[in-house]
Enquirer: 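One structure follows; several queries about it will come next.
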Amino acid sequence: MLRKNGTAQPQGTDGYASRGSIASTARYILRNTLAAVAVLSFLVYFVSLPQAPALTVERTTAKSNESSGNNIIGGQPTRITWEAKVGNNEKVASVTLRFPAGSTIAQGANVKATVLDDMTRIETEQNPVLTGDYATIEFPKPVPSGLLLRIEVYNVALPSATGDYFIDASYVDSEGMRTDLLGAIPIKVIGITATESVISWLDQQEWVQNWNSVLFLRIFFNPQLIVAAIPGLFFGWLRSLGLVLVGFPLAIPIGLGISFLRMARGKGGAILRFISSIYVNVVRGTPLFLQMYIAFFGLPFLGINVDSYLLGILVLAMNSSAYLAEIFRAGIQSIHKGQFEASSSLGMNAIQTMFFVIIPQTVRRVIPTATSEFILLYKDTSLLAAVGVMEQMMFAKSMVANTGNMTPYIVAACYYLVVTLPLTKIIAVFEKKLAAAEGLTTAPEGKQKKKRASSLAKEDLSTGDCHE
Amino acid sequence: MNDAVIRIDNLHKSFGSLEVLKGVDLDVARGEVVVILGPSGSGKSTLLRCVNMLEKPTGGNIWFEDTLITDPKTDINKVRERVGMVFQSFNLFPHLSAKRNIMLAQRKVLKRSKSEAERIALEQLDKVGLGDRADYMPAQLSGGQQQRVAIARALAMDPHVMLFDEATSALDPELVRGVLDVMRSLAQGGMTMIVVTHEMGFARDVADRVIFMDGGIIVEQGSPQEVFDNPKHERTKDFLGHIS
Amino acid sequence: MKNLKNLQNYRKFLALITCMLLAMSLMLSACGDNSAKPTDSNTNSTDTVASGTTPIASAEMKLVTAGTLTVGSDCDYPPFISLDGATPAGFEYELMQAVADEMGLKLKYLEPQNFDTILASVAAGTKLDLGVSSFTITDERKELVDFCIPYCDSNQACVALKDKGFKSASDLEGKVVGAQSGTTGESWALENVPGITMKPFNQTSEGLAALMSGDIEALFFDEPVAAWQIKNTYTDAETIEKIPTGEQYGFAVAKTNPVLKDKINEALAALKQNGTFDKLYDKYFPGVTAPSLKG
C-alpha cells in the first residue's frame with residue numbers, strides 16, 4: 001500500500017470538520033480520553049459511511065497501456081475509469097477525482113462522465129475541469145439517487161514507480177455539502193519497463209520524429225513499435241514454433257505409414273491403396289483453412305471437445321502427413337530398382353530391405369523436400385489465428401488492432417524469417433551435397449540411368465505437393 | 001540329379017504378351033562354370049534372374065540343389081542366401097561403407113555376430129584386392145572397385161552358386177580387367193558360376209561350357225572350343241562373326 | 001514444391017529480391033518527397049498510436065466513388081448488421097440506406113471486413129467513406145478517425161453457457177474468455193476481470209461458436225447483440241452480467257473528410273426530424289426510447 005496515514009489523516013479531519021453531528025461526538029470523546037485520538041480516524045471512517053452512503057465507489061480501473069502486454073505502466077498515458085452509484089436521497093452536483101501524487105496528464109487528455117439508469121444512458125449536462133492533480137465534473141442539474149456515474153479520464157499518466165495506487169474522490173451534493181471518499185480499490189501499476197523506456201527515449205529522438213513523418217515509414221517501420229513488438233511477439237513466436245515442432249514430428253510417422261499404404265501390394269493392396277489415396281487426395285485437394293474450420297467448429301457438434309492448441313497441432317499433423325506421404329512415396333520410388341534387387345539377392349526380406357536399405361537412402365533424399373514442407377507448415381500455423389489458436393499471427397493482429405499500425409506485422413514477418421531463411425539455406429546445402437553424392441555413386445551407364453531416375457523422382461516431388 | 005546344383009526344366013517367361021524365354025532346359029553341375037552368350041534381347045539375363053527368382057517364371061520348373069524353387073511354398077529368401085548375384089550396375093548400398101555393405105546381409109540374414117561379420121567382410125575385401133578400402137563409401141570408389149566390393153558382398157554369404165549378370169558391361173575398359181581377374185580366380189577356386197557376359201576371351205579361358213542363346217531358346221552349347229571354333233548353327237556363326 | 005524450385009533458380013530469386021528492394025526504395029523516396037512538407041508542422045505525433053493519414057482536412061466532401069456512399073462493416077452483428085445471403089441487412093443497413101437516400105447518394109456495402117481493420121481503412125480514406133460496424137465512440141478511436149453523432153446507445157454483456165453456473169463476470173477470474181478483436185468488449189474484459197486469458201476472434205459469430213464448443217468460458221460483446229443472439233440462435237447461452245458502460249455508436253469518418261461528417265450529421269438530424277429514424281429504431285428495438293441524435 002502506497003498510501004500513507006499522512007494523506008488519509010487530513011482528509012479524515014476534513015470530513016470531520018464538515019459534519020456537525022460527527023464533530024460533536026468527536027469533541028466529546030476528545031474531552032474524555034486522549035487515547036481516543038488513535039481511534040478517531042477509524043471511527044470517522046466507519047461511522048460516516050453508513051450514515052451518508054451518498055456515493056458508493058463500485059469500480060476503479062485503468063486500461064493497460066503496455067504495448068505488448070496487459071499491465072498498466074506508470075508514467076505512460078492510460079485511461080482511468082471510475083464508477084460510483086448515487087445513494088438514497090442524495091443528489092450529486094459535482095465529483096472530483098484526485099490522482100495520486102506524481103500523476104501527469106498527456107496531450108489530448110480528457111474527462112467525461114456517463115450517467116446510467118440501470119442500463120439506460122441518461123444525457124447529462126456536464127462541465128469538466130482537468131489538471132494533472134485532479135479532474136472535476138460539475139453537473140448543473142445534479143445527478144439524482146439510484147443512478148450510476150461513470151467517469152473516464154483519458155490520457156492521464158499514473159506515477160512511474162511500481163505500486164498500488166488509489167484514486168481518492170470527493171463529491172458535493174445538491175446542498176453544497178462536500179464529502180470525501182477514500183480510494184479503496186487499488187490500481188496496480190508497474191514501473192516503466194525496459195521496452196517502454198526505450199520507446200520513451202525513441203519518442204524524444206529527432207531522427208525518429210523525422211522518420212515517422214514519412215507516412216510509409218511510420219505505418220510500416222515505426223521504430224517505437226518495432227521495439228515494442230520484438231518482446232511482444234516473442235511468445236507468439238514460441239507458440240507458433242511449438243505448434244510446428246510438435247505437429248511435424250507427429251506427421252512423419254503418419255506420413256510414412258500412409259506412403260506404405262499407397263505402395264501396398266498383394267491381395268488387400270488395392271483396398272489399402274484406394275483408402276490411402278482418398279486420404280491423400282482429399283487432404284491435399286482441400287484448403288488447410290477449410291480443414292481447420294471443419295475440425296474446430298465441426299468436432300464440438302459431435303460432443304468432442306479438444307483443447308484448441310492440441311487440436312491445432314493435430315490438424316497441422318494430419319494435413320502435413322498427406323504431403324509427407326507423397327514426398328516419402330516419391331522418395332522411396334526414386335530409389336533405384338537395383339537396390340531392391342541387390343537386397344533380395346542377398347536373401348533380405350521386404351521389411352529388412354525397407355528399414356536397412358531403402359529408408360536410410362530415402363531419408364537423405366527427402367530431407368530437402370521434407371524441410372520445405374516443414375517451412376510451409378510453419379508458415380501455415382498462421383492460419384490457426386482464424387480459429388482462435390493463440391500464435392504469432394494472433395499476437396501480431398492484436399497489436400495491429402491496438403495501434404492501427406502495420407509495423408507489428410513486419411516484425412512478425414521477421415520472426416517467421418528467422419526460422420525459414422536458415423532452413424532454406426540448409427536445404428540448398430543439402431541439395432548440393434546430395435547432387436554431388438549421387439553423381440559419384442555409379443559408373444557411366446549406371447550413372448545415366450540413375451540420373452534419369454532421380455530427376456524423375458524430383459519431378460514427382462515437385463509436381464504434386466504445393467500447398468493450396 | 002545329385003551332381004546338378006541347378007536344374008532348369010522347360011522354363012518359360014513372358015512379359016505381358018512378349019515371350020522372352022520359350023522353354024529352356026539347363027543343368028549346372030557343382031563346380032561348373034557356365035557362360036551364356038547371345039545378342040541382346042535373347043533372354044540370357046532373364047534366364048539368370050529366374051534362377052534366384054528376381055523374375056518369376058511363367059512356366060517350367062527350377063531346382064536348386066534339392067529344392068523346387070518355382071514352388072510358391074518355397075521360402076525364396078532361404079535359396080537366395082545360397083545364390084550370390086552380381087549386377088551390371090553393382091547396386092552397392094550408397095549409404096554404407098564398403099565394409100558395411102558386406103556386413104549388412106550377414107548380420108540380418110545369416111544372423112552373424114558383428115565381429116564375425118566384420119572379420120569375414122575384411123577377409124573378402126582382401127580377396128578382391130580392396131583390403132585398404134574397407135571404410136570407403138561407394139561414391140569414393142571407382143566402378144571396378146565397386147563391382148569387386150559387390151562380388152565380395154555376395155561371397156560373404158558363402159553362396160553355393162554365383163550368378164554374374166554382365167558384371168563388366170558398365171565399366172570403362174581399363175577397369176574391366178580387375179573384375180575379370182577376381183572372377184577367374186573364383187572359378188579356379190571351384191565356385192559354381194553362371195556368367196552372362198560379352199567378354200569372349202574370358203569365356204574361352206574360364207568356361208567349362210558355353211551356351212549360346214537367341215530368341216528365348218538355347219541355340220547351341222558345348223565346350224568353348226566347340227562353340228567358338230566350330231559353331232554348328234548359323235545364328236551362332238553370325239553372332240560370333242559380328243563380335244570378332 | 002515451389003520453394004524447391006525457387007532454390008534451384010537461386011539466382012533468379014536473388015534478382016527478384018533485388019528488383020523488389022529497388023522498387024521499395026523508389027516508393028520510399030517518393031513518399032518522402034510527397035509528405036515531408038505537410039508533416040513538418042506535424043511532428044508532435046510522438047505517440048505510438050499513429051494517425052494513419054496526414055490530417056489535411058478537405059473543404060470538399062470526398063467520396064471514394066462519386067455519387068456513392070461506400071461503407072465498410074464486418075456484417076456480423078445482428079440485429080445491427082448481418083448478411084442475408086450475400087446482401088447486408090439489419091438496423092445499421094436500413095439506417096445507412098435512409099441516410100444515403102436523404103443525401104441523394106447510392107449506398108454500397110463492401111465485402112465484410114475484419115472489425116479490427118475497418119478503422120484503419122477509414123483513416124486511409126482510399127477504400128471506404130464510412131466505417132459502420134457498431135463502433136463505440138472512444139477517445140482512443142478519435143485519435144484515428146472522426147465520428148458522426150451517436151446513433152445508438154449500448155452496453156456490454158458477458159455471455160456464458162447456462163450449465164456452467166457462472167453468476168457474474170467476476171466469476172471468470174483466471175479463465176479463458178473471448179471477444180471480437182479490437183472491440184470495447186475486449187478491452188473491458190481485460191481491464192476489469194483479473195487474470196483472464198483473452199482469445200480475440202475476427203467475428204463475434206466465431207467467438208459464439210467457440211463458446212458453444214467450450215473453447216472459451218465466456219464471450220464479451222455488446223448487450224443488444226447478446227440479447228438478440230441468445231433469443232434467436234444461442235438459446236443454451238445466457239447473459240451472466242449486463243455491464244452498464246453507456247457507450248454510444250457512431251459512424252467513423254476519415255479526419256480528412258469533415259464535410260462528409262457534417263453532411264451525414266445533417267442527414268441524420270433530418271431523419272430524426274421527419275420520424276424516419278424513430279420508426280426504424282422502433283422496428284428493431286421495440287419499446288426502447290430512441291436516442292436523441294445529439295452530438
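All chains are named by letter (A, B, ...) in the order of the sequence lines, taking the proteins before the strands, and each is independently numbered beginning at 1.
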Enquirer: Side chain, backbone, both or neither: which part of Thr197(C) has a non-hydrogen atom closer than 4.5 Å to chain A?
Expert: neither
Enquirer: For Ser154(C) and Glu247(C), does a side-chain donor sit closer than 3.5 Å to a side-chain acceptor?
Expert: no
Enquirer: Taking Asn192(C), Asp139(C), Asp116(C) one by one, which has the highest count of heavy-atom pairs under 4.5 Å against chain A?
Expert: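 Counting heavy-atom pairs under 4.5 Å, the top option is Asp139(C).
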Enquirer: With only heavy atoms counted, which part of Ser64(A) is less than 4.5 Å from chain C, the side chain, the backbone, both or neither?
Expert: neither
Enquirer: Under the rule for ring-ring contact (aromatic ring centres under 6.0 Å, His included), what residues qualify as partners of Tyr154(A), not counting sequence neighbours?
Expert: none
Enquirer: Do Glu223(C) and Thr239(C) have a side chain donor and acceptor closer than 3.5 Å?
Expert: no
Enquirer: So what's closer than 4.5 Å to chain C heavy atoms on Arg59(A): side chain, backbone, both or neither?
Expert: side chain
Enquirer: For the residue pair Phe135(C) and Phe115(C), is the inter-centroid distance of their aromatic rings smaller than 6.0 Å?
Expert: yes
Enquirer: Between Tyr293(A) and chain C, with a heavy-atom cut-off of 4.5 Å, which part of the residue counts as in contact: side chain, backbone, both or neither?
Expert: side chain
Enquirer: Does a donor on one side chain sit under 3.5 Å from an acceptor on the other, for Gln180(C) and Asn202(C)?
Expert: no
Enquirer: Chain C heavy atoms under 4.5 Å from Ala106(A): which part of the residue, side chain, backbone, both or neither?
Expert: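 Ala106(A) has no heavy atom closer than 4.5 Å to chain C.
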Enquirer: Under 4.5 Å heavy-atom distance to chain C, tell me which part of Gln76(A) shows up: side chain, backbone, both or neither.
Expert: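 Contact with chain C involves no heavy atom of Gln76(A) at all.
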Enquirer: Where on Leu190(C) is there a heavy atom nearer than 4.5 Å to chain A: the side chain, the backbone, both, or neither?
Expert: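 For Leu190(C), backbone and side chain are both near chain A.
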Enquirer: Distance alone, cut at 3.5 Å: any donor-acceptor contact between the side chains of Thr407(A) and Asn222(A)?
Expert: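 Per modelled atom types, Thr407(A) and Asn222(A) side chains form no pair under 3.5 Å.
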Enquirer: Checking Met198(C) against chain A: side chain, backbone, both or neither under 4.5 Å from a heavy atom?
Expert: backbone
Enquirer: Chain C heavy atoms under 4.5 Å from Glu123(A): which part of the residue, side chain, backbone, both or neither?
Expert: side chain
Enquirer: List the residues meeting ring-ring contact (aromatic ring centres under 6.0 Å, His included) with Tyr309(A), not counting sequence neighbours, and say none if there are none.
Expert: none
Enquirer: Can you see whether Thr138(C) engages Thr136(C) through a side-chain donor-acceptor pair at a distance of less than 3.5 angstrom?
Expert: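 Checked: Thr138(C)/Thr136(C) side chains show no N/O donor-acceptor pair below 3.5 Å.
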Enquirer: Given that the side chain runs from C-beta out, which part of Lys112(A) has a heavy atom under 4.5 Å from chain C: side chain, backbone, both or neither?
Expert: side chain
Enquirer: Which one wins on heavy-atom pair count under 4.5 Å against chain C: Met406(A), Met394(A), Met390(A)?
Expert: Met394(A)
Enquirer: Please classify the contact of Asp153(C) with chain A as side chain, backbone, both or neither, using a heavy-atom distance under 4.5 Å.
Expert: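 Side chain only.
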Enquirer: In sequence, state the C-alpha distance, the side-chain angles, and the governing distance for Ser213(C) and Asp215(C), and then conclude on side-chain hydrogen bond (donor to acceptor under 3.5 Å, both in side chains).
Expert: CA-CA 5 Å; Ser213(C) 72; Asp215(C) 200 21; 5.0 Å; no
